[in-house]
Amino acid sequence: MKAIGIILAGGNNHRMKELTQKRAISAMPIAGSYRGIDFALSNMTNSRIQRVAVFTQYNARSLEDHLRSSKWWDFGRKQGGLSVFAPTVTSENSTWYRGTADAIWQNLSYLKNAHEPYVVITSGDCVYKMDYNKVLEYHIEKKADITVVVKDMPEGTNVERFGTVKMNEDCRIEEFEEKPLMAKSNTISCGIYIIRRRQLIELIERSAMEERMDFVRDILIRYKNVKRIVGYKTKEYWSNIASVDDYFRTNMDFLKPEIRNYFFGEYPNIYSKVEDLPPAKYNVGMSVKNSLISSGSIINGTVEDSVVFKEVFIGNNCYIKNSIILNDVYIGDNTHIENCIVEGHDTIRANSYYKGEDGIKVVVENSERYVL
Amino acid sequence: MIKKEMIAMLLAGGQGSRLGVLTAKVAKPAVSFGGKYRIIDFPLSNCINSGIDTVGVLTQYQPLRLNTHIGIGIPWDLDRNIGGVTVLPPYEKSANTEWYTGTANAIYQNIDYMENYNPEYVLILSGDHIYKMDYEVMLDFHKKNGAEVTIAAMPVPMEEAKRFGIVITDENRKIVDFEEKPENPRSNLASMGIYIFNWKTLKEALITKAEQPALDFGKHVIPYCHEKGAPLYAYEFNGYWKDVGTLNSYWEANMELIDIVPEFNLYEEYWKIYTKSNQVSPQYISGESVVERSLIGEGSEIYGRVYNSVIGCGVKIGRGTVVCDSIIMNDTVIGDGCEVNKGIIAENVVVGNRVRLGVGDEAENDTMPHIYNHGIATIGERSIVPDDISVGKNTVIAGVTGREDYPDGALASGKSLIKAGD
């Protein structure tokens with residue numbers, strides 16, 4: 001592949017409520033046994049991109065732990081491989097990443113030292129499968145300066161939390177609004193960009209000189225009438241997980257056989273860190289209906305329409321309905337959990353009752369697992 | 001100069017012929033176990049958990065699956081700059097080229113490999129047992145006693161002792177005598193086929209006995225060391241250890257994993273068992289399915305009912321199908337409306353719709369009753385079973401079968417259907 005990759009994984013926002021107190025959104029567990037960033041990383045490796053940088057900032061411990069060995073995505077290479085760039089203090093710079101463009105500027109040597117002609121930029125908090133080579137071919141064919149992957153969202157989607165675009169008949173983006181109050185279109189930017197490396201270096205340097213920090217606002221929107229910015233419309237599954245509702249819905253999408261087959265069944269695969277957990281165990285008196293169960297879990301109670309992550313213990317006579325139980329949760333006997341997301345590594349005492357009444361409730365207990 | 005205190009040599013070349021069609025295409029150590037594992041994962045994980053980072057794996061019979069499974073040892077953290085895992089097949093020499101003709105002969109042919117690491121001790125393992133053991137503790141025992149050879153042994157019921165190689169020891173666990181499958185055993189300490197040798201002792205014994213045909217540890221090397229007067233000790237092991245040499249013991253060992261708190265517990269944080277797994281996705285249990293007392297591996301999709309079974313990774317079980325007391329290995333597909341009772345179904349098998357497996361009366365297998373018994377219905381890997389077939393007990397099916405292979409749509413109890421040329 002003639003490109004290097006950048007994955008923006010530093011983000012956090014209030015729409016995730018308590019869930020990102022522990023980790024960046026890109027490190028959120030998803031679909032039972034994956035993390036958000038696995039999708040971007042797998043797409044990179046499956047597109048044969050050999051050199052990838054992940055930019056982290058907010059609460060990166062969990063993410064760095066996940067990325068500690070790059071071999072799971074086939075990035076354990078002498079040539080290229082995976083780099084994780086957290087902000088550092090240098091003689092010229094002593095700030096955090098003040099925006100996406102600033103993050104790239106602070107690591108400009110990564111771009112300058114590469115020799116691949118193109119750069120693929122994506123974010124670590126989206127669930128999708130994409131061959132970036134196809135986007136690159138389109139980028140070249142359209143003689144674009146920047147190609148933005150866009151998607152038509154179904155009516156009724158809350159597109160106001162995304163960037164919305166309007167394209168002309170030649171797919172050139174004429175209007176681009178970031179998080180508009182009133183969206184004029186339901187076509188949104190998926191946060192996936194292709195740009196020539198030298199072009200990117202030039203734009204980033206110029207923005208830095210003008211103290212402009214944000215890639216979308218200060219490059220895409222600011223230059224949209226000067227540079228040729230085109231949209232590449234994807235019809236495939238794409239979902240952003242950066243709000244509690246979207247996170248919940250995306251997980252639940254994996255209960256549909258066609259979604260499971262698209263991500264897990266069809267080649268190429270999505271990779272994740274392998275954790276050597278034993279198979280899931282189903283004991284007497286349990287019942288599981290329409291649910292995803294991950295390895296290392298032990299189920300004694302009833303689970304319906306739910307996604308159970310790795311190493312979860314569900315006690316006797318529990319009732320789990322329409323919920324997401326994150327990694328390594330211990331649920332004591334006789335507990336009722338409905339319409340909830342239970343935060344990872346949590347311990348739920350026996351005889352507890354949780355129900356999301358209007359919308360999804362995030363359960364964070366922090367009780368001690370072993371009472372002495 | 002490279003120096004490793006102890007290296008391990010893992011004998012993984014055996015066929016395991018009593019596992020029937022399960023080992024038709026793979027060596028016994030590469031047979032699946034417990035849903036996602038292969039038998040060799042247990043000794044390999046024991047090695048790395050015991051701090052042994054240099055392991056030679058001796059292969060001979062059907063090594064392809066074993067080679068791809070082991071690779072460069074990444075799943076066990078055995079990809080090392082110095083040491084790590086090395087697969088050692090038989091090789092051609094300028095003179096006296098031969099296959100591995102016995103356990104000790106295989107080790108003898110790899111003296112150069114061991115010499116490279118300049119070890120103090122060599123641990124000899126076999127790749128066909130299910131157990132967790134800290135070899136470092138055994139080594140401490142070996143050193144403490146000033147032994148030249150230590151044999152791991154476990155107490156077995158006296159009436160079963162005649163099936164094993166028995167060691168007779170004094171009160172300090174020093175070995176005074178051996179008996180191979182004795183009529184009237186004098187002790188119930190059975191050798192587990194796990195030995196620690198001082199490298200000097202092993203090398204000398206192997207070279208001295210090199211001309212012995214089918215050179216074997218139990219029959220030749222250890223008796224030789226004993227006669228020579230080297231101090232031999234028995235290290236008593238009291239944990240879970242299972243020889244899965246027959247279809248029935250293989251079936252039992254799998255079923256024991258299902259117990260609420262199994263004697264052999266895979267869920268402990270300490271002493272993990274590692275394996276190569278390609279599949280990481282979660283498993284799906286559908287709305288109409290029932291699962292009870294079972295283990296299910298990654299990426300499996302269950303639409304039917306599963307009781308008391310061990311299901312591997314990437315398995316599909318169709319609607320209305322009932323699976324009881326069975327082992328179903330990776331990537332096998334079972335159609336809709338089937339019934340599977342006490343079946344062992346190997347990898348990548350396709351079973352059609354409305355197939356009834358393991359039904360009917362008991363009948364002894366007509367060709368290989370010593371292999372196919374205890375009412376188990378066995379299907380070999382990559383087999384295909386067509387729709388609407390009824391298959392009895394003590395049966396075996398291997399290869400791509402069609403309707404015409406089943407007169408009256410049935411394979412009666414005790415019959416074998418092995419298609420040649422597969």
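Being a predicted model, the structure only gives us computed values, none of them experimental. Each chain gets a letter, A, B and so on, in the order the sequences are listed, and its residues count up from 1.
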Min side-chain heavy-atom separation B:Y267-A:L277 under 4.5 Å: no
Heavy-atom closest contact (B:E298 atom, A:S295 atom, distance): OE2-OG, 3.1 Å
Crowding at CZ, A:R249 (>12 non-hydrogen neighbours, <6.0 Å): yes
Which portion of B:L257 sits near chain A, non-hydrogen atoms under 4.5 angstrom: backbone
Choice from A:G265, A:S294, A:S287 maximising heavy atom contacts with chain B below 4.5 Å: A:S294
Shortest non-hydrogen separation from A:P278 to B:Y37 and the atoms involved: CA-OH, 3.2 Å
Flag, side chain of A:S33 to backbone of B:V280, donor-acceptor distance under 3.5 Å: yes
Nearest heavy atoms of B:L295 and A:P279, plus distance in Å: CB-CB, 4.2 Å
Option that, when pairs with chain A are counted at under 4.5 Å, heavy atom only, ranks first among B:S300, B:G35, B:P282, B:G287: B:P282
Closest contact, heavy atoms only, A:K281 versus B:P262: NZ-CD, 4.2 Å
Minimum-distance pair of heavy atoms, taken over all atoms of B:K272 and A:E275: NZ-O, 3.4 Å
Contact check, side chains of A:V274 and B:S277, non-hydrogen atoms, under 4.5 Å: yes
Residue selection (most heavy-atom pairs with chain A, distance under 4.5 Å) from B:G297, B:G312, B:S289, B:C313: B:S289
Considering all heavy atoms, the nearest A:N283-B:I258 contact: OD1-O, 4.2 Å
